[in-house]
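Note that the numbering runs from 1 along the sequence shown for the chain. We count ligands from 1, going down the list as the structure has it; atoms in each ligand are counted the same way.
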Amino acid sequence: MTAEAHQGARLTRMSLYQKVLVAVDSSEEAIQVLQAARDVPGIENANVEVIHIADRPQAAYGQWIVYLPISESDLQQKLLERLQQRVEASGLNADSVRVEFGRSSDRILEEAGNQHTDLIVVGSHGRHGIKLVLGSTANAILHRAKCDVLAVRIAE
Ligand code: AMP
């Protein structure tokens, strides 16, 4: 093989993206987002992080905040186990799978900034419904991200 051909082969195997952040909610449709990430060309050469942002174990009823009988760490652990199962089922090879607490779009963008992410993968909509063309989280990320965003069309 000539040096040029070798260089070409190396280039075609290279990923366009080095750091990929896949953000999934807790809906069944999350698997579609994970599978789309799995199919991004060259993803096998990128560093892939899967993240889910959870609500803290509390609920607001009007002006009242009620704390639910589960600790943050127990909730985080349970959600992480389910997320890891989903990632495994999707066939996506992830370097890290994490559950964090906070406001989803803010935390996803913060994580992308901290990790120097060059591609964020989200679903076109999630548990907030399909009335909007883009869900509120996907919309916020598309408008505010400093990197490329893949908005995966969720099949109805
Ligand atoms: P939504 O804006 O809720 O319709 O969700 C659109 C997409 O944003 C979802 O398919 C996920 O990819 C992502 N997303 C929404 N909520 C979360 C969350 N809590 N944690 C991580 N990603 C999320």
Side-chain angles (χ1 to χ4, degrees), residues 15-62 65-156:
S15 172
L16 179 57
Y17 300 105
Q18 319 281 296
K19 294 280 287 181
V20 179
L21 180 62
V22 187
V24 289
D25 64 12
S26 52
S27 69
E28 292 286 326
E29 286 74 25
I31 192 94
Q32 295 180 46
V33 180
L34 295 166
Q35 286 170 339
R38 176 200 63 198
D39 295 340
V40 169
I43 189 115
E44 60 279 5
N45 298 318
N47 179 281
V48 179
E49 178 183 356
V50 177
I51 196 167
H52 169 64
I53 311 301
D55 292 326
R56 293 189 189 281
Q58 61 189 33
Y61 293 99
I65 291 188
V66 177
Y67 291 89
L68 305 176
I70 183 166
S71 70
E72 275 190 20
S73 58
D74 283 354
L75 178 62
Q76 193 174 29
Q77 189 53 37
K78 281 189 193 317
L79 292 172
L80 184 60
E81 280 165 21
R82 192 176 60 179
L83 182 55
Q84 279 166 334
Q85 283 166 5
R86 283 187 173 165
V87 172
E88 208 169 304
S90 74
L92 173 67
N93 198 359
D95 295 277
S96 90
V97 179
R98 293 171 52 192
V99 172
E100 300 285 333
F101 291 105
R103 194 182 134 85
S104 55
S105 51
D106 291 347
R107 283 293 294 111
I108 293 164
L109 289 163
E110 192 184 322
E111 185 66 14
N114 290 344
Q115 300 293 329
H116 305 291
T117 294
D118 46 19
L119 177 69
I120 302 175
V121 182
V122 286
S124 57
H125 59 260
R127 65 182 175 151
H128 296 126
I130 56 170
K131 285 181 234 88
L132 302 170
V133 176
L134 272 182
S136 54
T137 309
N139 206 18
I141 290 171
L142 268 172
H143 281 98
R144 291 166 49 203
K146 297 204 164 46
C147 62
D148 287 359
V149 178
L150 171 60
V152 177
R153 165 66 63 195
I154 301 291
E156 289 170 37

_Numbering as shown, the atoms of ligand 1 that approach Gly123 to under 4.0 Å (heavy-atom distance)_ = 6 (C), 7 (C), 9 (C), 10 (O), 11 (C), 12 (O)

_Using a 4.0 Å cutoff against the non-hydrogen atoms of Ser104, which atoms of ligand 1 qualify?_
17 (C), 18 (C), 19 (N)

*Under 3.5 Å: N/O of Ala54 near N/O of ligand 1*: no

*Do NZ/NE/NH1/NH2 and the carboxylate oxygens of Asp95 and Lys19 come within less than 4.0 Å?*
no

*Would you call Arg107-Glu110 a salt bridge at under 4.0 Å N-O?*
yes

_Is there a side-chain contact (heavy atoms from CB on, under 4.5 Å) between Arg103 and Leu109? Walk through the geometry before answering._
CA-CA 10 Å; Arg103 194 182 134 85; Leu109 289 163; over 6 Å; no

*asked:* Give me the atom names and distance for the closest heavy-atom approach of Ala54 to Val99.
replied: CB-CG1, 4.1 Å

*asked:* Side chains of Glu81 and Gln77: any donor to acceptor distance under 3.5 Å?
replied: yes

_For the residue pair Glu29 / Ser27, report whether a side-chain donor-acceptor contact shorter than 3.5 Å exists._
yes

*Which ligand 1 atoms are under 4.0 Å away from a heavy-atom of Ile108?*
21 (C), 22 (N)

*Short N/O distance, under 3.5 Å, between Ser136 and ligand 1?*
yes

*Option nearest atom 15 (C) of ligand 1 (shortest heavy-atom distance, choices Val122, Thr137, Val121, Val152)*: Thr137

*asked:* Heavy atoms only: which of Leu34, Ile120, Val24, Leu83 lies closest to atom 21 (C) of ligand 1?
replied: Val24

_Under a 4.0 angstrom heavy-atom cut-off, which atoms of ligand 1 come close to Ile53?_
18 (C), 19 (N), 20 (N), 21 (C)

